[in-house]
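Before any comments, here is the structure.
Values below: every heavy atom of this structure, side chains too, minus hydrogens, waters and symmetry copies.
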Amino acid sequence: MSTKSTKFTDAEALRFHSSGRPGKLEIVPSKPMATQRDLSLAYSPGVAVPVREIAADPDTAYDYTTKGNLVGVISNGTAILGLGNLGAAAAKPVMEGKSVLFKRFADVDSIDLEVDTEDIDEFVNCVKYLGPSFGGINLEDIGAPACFIIEQRLRELMDIPVFHDDQHGTAIISAAGFINALDLTGRDIKTTKMVALGAGAACIACVELMKAMGLPHENVTMVDRTGVIYTGREEGMNQWKSAHAINTDARTLEEAMKGADIVLGLAAAGAITKEMVASMAPKPIIFAMANPDPEITPEDVLEVRSDAIIATGRSDYPNQVNNVLGFPYIFRGALDVRARTINEEMKIAAARALAELAREDVPEEVAVAYGGAHPHYGPDYIIPAPFDPRLIRRIPMAVAKAAMETGVARKPIADMEAYETELASRLDPTADTLSVMFEELKRRPAKRVVFAEAEEEKVLRAAVSFQNAGYGIPVLVGYEAPIREKLREMGVDDSLFEIKNAANTESTSAYVDYLYERLNRRGFLLRDVQRLVKRDRNVFSACMVATGEADAMVTGVTRHYWRALKNIRRVVDPLPGHRPFGMSIVVTKARTVFIADTTVNERPSADDLAAIAESAAHFVKRLGHDPRVAFLSFSNFGNPPSDLTKHVQDAVSILDERGVDFEFDGEMQADVALNRDLMSLYPFMRLSGPANVLVMPALHSANISYKLLAELGGGRVIGPMLLGMSHSIQVARMTATASDLVNMAGLAAATAFALEQDRNDGAKAKK
């Protein structure tokens, strides 16, 4: 069981939030604004038309404005994370983050609003008048008991969903785990005995939802700082606690936990002891959800109860109770049916859908990202992984159905199959799969990744971030004294980092021997090789990887790509039967497109193009896409005719002969490959939809294209990734930021795992 956690320095966190455009959000128009006509339609006089329509029928605001996909994320900062009451302004980074999660996981737009008052009446009065602006309200980080009153009053006053995620998000995810834990331990909810520790907003919401699902009132013992909440207790009570008081002789947590089947912890680190766990019933269920540190660690639980099922709020342990599994998808479903509220039935539907999803085999793209391992239903997998791509389909559908069945949906969905297809198309699988890859790096044995230019500040910052995130072990290459000085200036303990160079590494002579054996018949004298190893950091670093002293490497910010790659290829060979090439990933709001070859092959032959297409399609499949490969040119299927396009035409013929298992066609122009309307001009085209893999006819066109997109496009360019090599080495762009380098290093580590698995599979096949 991993105990890694994502760490970072204060300076790194501040730099993340302040670099470039401060904050984490921006407003981007969804309609063209390029001409005077566009502006006239968007504002005056064209805007008057929808104004009149909405005045006549306010519900048409959902049709003509962003209301139907817009959530207000609202707080007064009285209970910010685990930091307490720090005020409305201090809540803004958290609320911006919540807005980002809404967009990232469910394509829900949101605006954060920080209301500077602790007065309940003032807060309610402010928010209730915002109803026309939003399709829903997500309350966040509001202290108890005010949060109960505020949510209840706003739900009564507003005709859109009002949802306090700190309460109900935690409750829904906990309930999903609760359902599966009961199933795995053979328990009946009617006879299960629970101890609920914390008695705050989240704890009370969890208990109320589980009682709504059938857990008897008298079977739940709630405990706060004072002790057991029993009938007749007066100290530290309020109406919300009183609703859960029971007749019991237990007065302390220790007494309450004796013989209990499940303990639900939403209190503080260390609140539960090993002795308490040992006193529980057979096959105990422990939900220790305090953050950042649980009430008791899974290691401590397993020391005394090997039969326990354990969940925490941490991503570095199995069964994470993570609210991101809930609130984006719950609002997605509620918005799509224009729900008036989010009721208990919708919450229970979401919990059951999550529980059912955890019992199914994970999809192949997630399994690939987890190194080929399939998480399966059991004590260590009772809650789905946060990056499971099926969440966007399953949870909103369940919520929408419950809303329709309970009569709170203003726009029922007639065709649920079409709705499921629409949901699946909202998110790009690349983002999900890359996220899963990085999460998996934190769970697997750490790979050693060489940062070949560690004296550069952004490289050093990337290496620190890479280690703090738990993605692997950075090995820094460069002069030791200046690197250690820079680390100390950054406030980082330099003793935590391994620094290598030709002068301080015992293996340098072994690297020379290895490289001389490779190059002595290619015109290199021994002294030439010695000079390369001792003076060129890319050669030195690649030797570390080639000889097994490191697993992967990242470089590129101090010299041109082609020069770095030239020296690396002196050290490392391509995979047998493969053609090395560069793949750039362009991620936009509407689609993801993979461009090859953007960095390696200057004038590829027809055989080269066919090989690149096959490898690219294989890579794209691993990222969860169905590859549709277009071989690009300035010509569309021979028009205009040119000898310069023959190698592209021949590449298509080669794939025809090989009978590959993916869609491909060409030669064609880029707009034809990407535009469905233009594709219709060629009814014989074999692509079922716009291409997502673009194989370029030559390096100059590919390189120019991806760099233009990087500078002028509206999306994000990842890479270029170097594919087809026998060892995992990535060469970043010279303009790469520290964040880009962390991504490249993470991809390098993930590729090292994939290469290792392929070698193991090949060895097994030979046997």
Any salt bridge between Glu498 and Lys500, counting N to O under 4.0 Å? yes
Of the non-hydrogen atoms in Glu96 and Gly23, which two are nearest, and what is the gap between them? OE1-CA, 3.4 Å
When you measure from the side chain of Gln730 to the backbone of Ala748, do you find a donor-acceptor pair of N or O atoms at a distance under 3.5 Å? no
Can you confirm whether Ile483 sits close enough to Glu480 that some side-chain heavy atom of one is under 4.5 Å from a side-chain heavy atom of the other? no
Expected output: side-chain Lys24 to main-chain Pro93 donor-acceptor under 3.5 Å: yes
Within the structure provided, determine whether Phe287 and Ile310 are in side-chain contact (heavy-atom separation under 4.5 Å). no
Do other residues, nucleotides or ligands put more than 12 heavy atoms under 6.0 Å from Arg563 CZ? no
is_close_aromatic(Tyr516, Phe524), centroid dist under 6.0 Å: no
Are the side chains of Thr592 and Val586 in touch, meaning some heavy atoms are under 4.5 Å apart? no
Check Glu549 against Tyr511 and note the closest heavy-atom contact, atom names and distance. OE1-OH, 3.0 Å
Could you walk me through whether Leu487 and Phe497 satisfy the side chain to side chain contact (heavy atoms under 4.5 Å, CB included) test, starting with their C-alpha distance in whole Å, then the side-chain angles of each, then the deciding distance to 0.1 Å, before giving a yes or no? CA-CA 9 Å; Leu487 285 170; Phe497 292 86; 4.0 Å; yes
Using only atom types and a distance under 3.5 Å, with no angle test, would you say the side chain of Asn504 pairs donor to acceptor with the backbone of Ile499? yes
In plain terms, say whether Arg444 and Glu756 are close enough for a salt bridge, that is, a side-chain N and a carboxylate O under 4.0 Å apart. no
Is it true that a side-chain atom of Asn703 and a backbone atom of His700 form a donor plus acceptor pair closer than 3.5 Å? no
Which atom pairs, donor and acceptor, lie under 3.5 Å between side-chain atoms of residues 572-585 and protein residues at least two apart or in another chain?
residue, atom, partner, partner atom, Å
Asp573, OD1, Arg518, NH1, 3.4
Asp573, OD1, Arg518, NH2, 2.9
Asp573, OD2, Arg518, NH1, 3.0
His578, ND1, Pro576, O, 3.1
Arg579, NE, Asp608, OD1, 3.1
Arg579, NH1, Asn601, OD1, 3.4
Arg579, NH2, Asp608, OD1, 2.8
Ser584, OG, Thr598, OG1, 3.1

Are the charged groups of Asp536 and Arg570 less than 4.0 angstrom apart, N to O? no
Please examine the side chains of Arg569 and Val600, heavy atoms only from C-beta on, and report whether any two atoms are closer than 4.5 Å. yes
Answer yes or no: is there a donor N or O on one side and an acceptor on the other, between the side chain of Asp551 and the main chain of Ala752, under 3.5 Å? no
Keeping Ser99 on the side-chain end and Met95 on the backbone end, is there a donor-acceptor pair under 3.5 Å? yes
Tell me, please, whether Phe540 has Lys534 positioned over its six-membered ring: NZ or CZ under 6.0 Å from the ring centre and within 45 degrees of its axis? no
Taking it one step at a time, do Tyr471 and Glu440 satisfy side-chain hydrogen bond (donor to acceptor under 3.5 Å, both in side chains)? CA-CA 8 Å; Tyr471 296 152; Glu440 180 60 10; over 6 Å; no
May I ask you to check whether Thr737 and Asp740 show a side-chain donor-acceptor distance below 3.5 Å? yes
How close do Ser701 and Met696 get, heavy atom to heavy atom, and via which atoms? OG-CB, 4.0 Å
Test: Arg21 and Glu26 ion pair at under 4.0 Å: yes
Under 4.0 Å between a Lys/Arg side-chain N and an Asp/Glu carboxylate O for Lys92 and Asp112? yes
For a quick test of reading the model, state the closest non-hydrogen atom pair linking Ala738 to Lys458 and the distance between them. CB-O, 3.6 Å
Main chain of Ala552, side chain of Arg448: is a donor-acceptor contact present, judged purely on distance under 3.5 Å? no
For residues Thr558 and Glu456, is any side-chain donor paired with an opposing acceptor at under 3.5 Å? no
Would you say Ile568 and Val539 make side-chain contact, with heavy atoms under 4.5 Å? no
Show, in sequence, the C-alpha distance, side-chain angles and deciding distance for Thr599 and Leu565, and conclude whether the side chain to side chain contact (heavy atoms under 4.5 Å, CB included) test is met. CA-CA 9 Å; Thr599 55; Leu565 183 60; 5.5 Å; no
4.5 Å side-chain heavy-atom contact, Tyr514 and Val571: yes
Any side-chain donor paired with an acceptor under 3.5 Å for Asn323 and Thr170? yes
Main-chain N/O of Ser507 paired with Thr505 side-chain donor or acceptor, under 3.5 Å: no
Does any N or O in the side chain of Tyr706 come within less than 3.5 Å of the main-chain N or O of Phe594, such that one atom is a donor and the other an acceptor? no
When Met744 is tested against each of Val731, Leu722, Val554 for side chain to side chain contact (heavy atoms under 4.5 Å, CB included), which residue passes? Val554
Under 3.5 Å donor-acceptor, Ser615 side chain and Ile612 backbone: no
Pairwise side-chain contact, Pro627 with Lys621, heavy-atom cut-off 4.5 Å (strictly under): yes
Spatial distance of atom NE2 (His625) from atom CG (Asn692) [nearest 0.5 Å]: 7.0 Å
Run Asn538 and Asn567 through side-chain hydrogen bond (donor to acceptor under 3.5 Å, both in side chains) and show every step you take. CA-CA 7 Å; Asn538 286 329; Asn567 279 343; over 6 Å; no
Are side-chain heavy atoms of Pro720 and Arg733 found at a separation under 4.5 Å? yes
Audit row: Phe105, Phe327, ring pair (Phe, Tyr, Trp, His ring centres under 6.0 Å) steps and yes/no: CA-CA 10 Å; Phe105 286 97; Phe327 69 85; 8.1 Å; no
